[in-house]
Protein chains: 2
Amino acid sequence: MICKSYDYFFTKFANRANLEIIFLLKSWPMNVKMIIEKTGREQSATSHNLKKLCDCNILKVEKRGRERFYSLNKETVLPILELVQKHIRKNCKGCKYA
Amino acid sequence: MICKSYDYFFTKFANRANLEIIFLLKSWPMNVKMIIEKTGREQSATSHNLKKLCDCNILKVEKRGRERFYSLNKETVLPILELVQKHIRKNCKGCKYA
DNA sequence: AATTCATATGATTTGCAAGTCATACGACTA
DNA sequence: TAGTCGTATGACTTGCAAATCATATGAATT
């Protein structure tokens, strides 16, 4: 069924921690330490999250020494976020969390 | 935090049953009975799902007698689905579910 | 070579969203 | 007005994704 891959993709965005990482990396690439500092979450949890985000190419990694720099796949992710923002602004005035 | 409303929105798409409904309603509006028939899922579950999808205006409802017709908010949802499809095709060749 | 630093990994636990079950409700029909 | 049809609702249960915990890895530094 086609829905599977969509589900798989959307799942990554349906998570506060992941979204925080994504929004954070809109500015510039960061290594794990920086990401942890900014988000205030656990190292291990963050590492798991980063892996999943890489799995479907929402993020990409680059190794430098013992650090790893994660960057956002802006080409496809930013336009999606824009459309979603548009929807939220237009349609979610009365919504629970908007 | 801004992420909340995004999370809330994306959660609706990160679910097989919901996605099936969304894709189904790309063709035309349907009442609950039709939706159940096509998806093969439980009436009660479907009703819960439909409610959530309406909550953030991914779907809208129209009452006709004792039936309720659900239709997709094509204006904002279709463009999002297209971009996501694009991402999946490009970036998820080797992904678990793509 | 031992230690520390940056990060990943695997196993386990846990929280919560989604499904189930039972029931309610309102609109139509006989 | 009793019954049934289409759908919603609320309480309860459950499955699974995400967080946690403990440990590993590999690269730098001493």
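Chain letters run A, B, ... following the sequence lines, proteins first and then strands; every chain starts at 1. Since the structure is predicted, the reported quantities are computational estimates derived from the model, not experimental observations.
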What pairs with A/Glu42 under side chain to side chain contact (heavy atoms under 4.5 Å, CB included), at least two apart in sequence or on another chain? A/Ala45
For residues 29-38 of chain A, the side chain to side chain donor-acceptor pair (under 3.5 Å) pairs (sequence neighbours left out) are A/Asn31-A/Glu67
Interatomic distance, B/Arg64 CZ vs C/dG26 C1' [rounded to whole Å]: 18 Å
Listing request: all ring-ring contact (aromatic ring centres under 6.0 Å, His included) pairs with a residue in residues 52-86 of chain B, at least two apart in sequence or in separate chains. none
Nearest-Å distance, CZ (A/Phe13) to C1' (D/dA17)? 17 Å
By nearest atom, which of the nucleotides D/dG6, D/dT20, D/dT7 is closest to the B/Asn31 side chain? D/dT7
Mind checking side chain to side chain donor-acceptor pair (under 3.5 Å) for A/Asn15 and listing every partner two or more places apart, or none if nothing turns up? none
Candidate nucleotides D/dA27, D/dT20, C/dC21, ranked by approach to the side chain of B/Glu42 - the nearest: C/dC21
Can you pull out every salt bridge (Lys or Arg N to Asp or Glu O under 4.0 Å) where at least one residue sits in residues 69-78 of chain B? Sequence neighbours excluded, please. A/Lys90-B/Glu75
Rounded to the nearest Å, what distance is computed from the CZ atom of residue A/Arg16 to the C1' atom of nucleotide C/dG15? 15 Å
I want to verify a distance call: between D/dG6, D/dA19, C/dA6, whose nearest atom is closest to the A/Glu67 side chain? C/dA6
Enumerate the protein-to-nucleotides 16-18 of chain C contacts in which both atoms are nitrogen or oxygen and the separation is below 3.5 Å.
residue, atom, partner, partner atom, Å
C/dA18, OP2, B/Lys52, NZ, 3.4

Show every donor-acceptor pair shorter than 3.5 Å between a side-chain atom in residues 77-88 of chain B and any protein atom, with sequence neighbours excluded, or say none if there are none.
residue, atom, partner, partner atom, Å
B/His87, ND1, A/Thr76, OG1, 2.7
B/His87, ND1, B/Asn91, ND2, 3.1
B/His87, NE2, A/Cys56, O, 2.8

Indicate yes or no: at least one non-hydrogen side-chain atom of B/Leu59 is less than 4.5 angstrom from one of B/Ile21. yes
Heavy-atom donor-acceptor pair, A/Ser47 side chain to A/Gln43 backbone, under 3.5 Å: no
Only pairs at least two apart or in different chains count here, so list each ring-ring contact (aromatic ring centres under 6.0 Å, His included) that has a residue in residues 12-63 of chain A. A/Phe9-A/Phe13, A/Phe13-B/Phe10, A/Phe23-B/Tyr6
Check nucleotides 8-14 of chain D against the protein and report each pair of N or O atoms closer than 3.5 Å, with its distance, or say if there are none.
residue, atom, partner, partner atom, Å
D/dA8, OP1, B/Tyr70, OH, 2.4
D/dA8, OP2, B/Ser47, OG, 2.9
D/dA8, N7, B/Gln43, NE2, 2.9
D/dA8, N6, B/Gln43, OE1, 3.2
D/dT9, O4, B/Ser44, OG, 2.7
D/dG10, O6, B/His48, NE2, 2.7

Could you tell me how far apart A/Arg66 (CZ) and C/dT3 (P) are, to the nearest whole angstrom? 16 Å
I need the NZ-C1' distance between A/Lys33 and C/dC5, as an integer number of Å. 8 Å
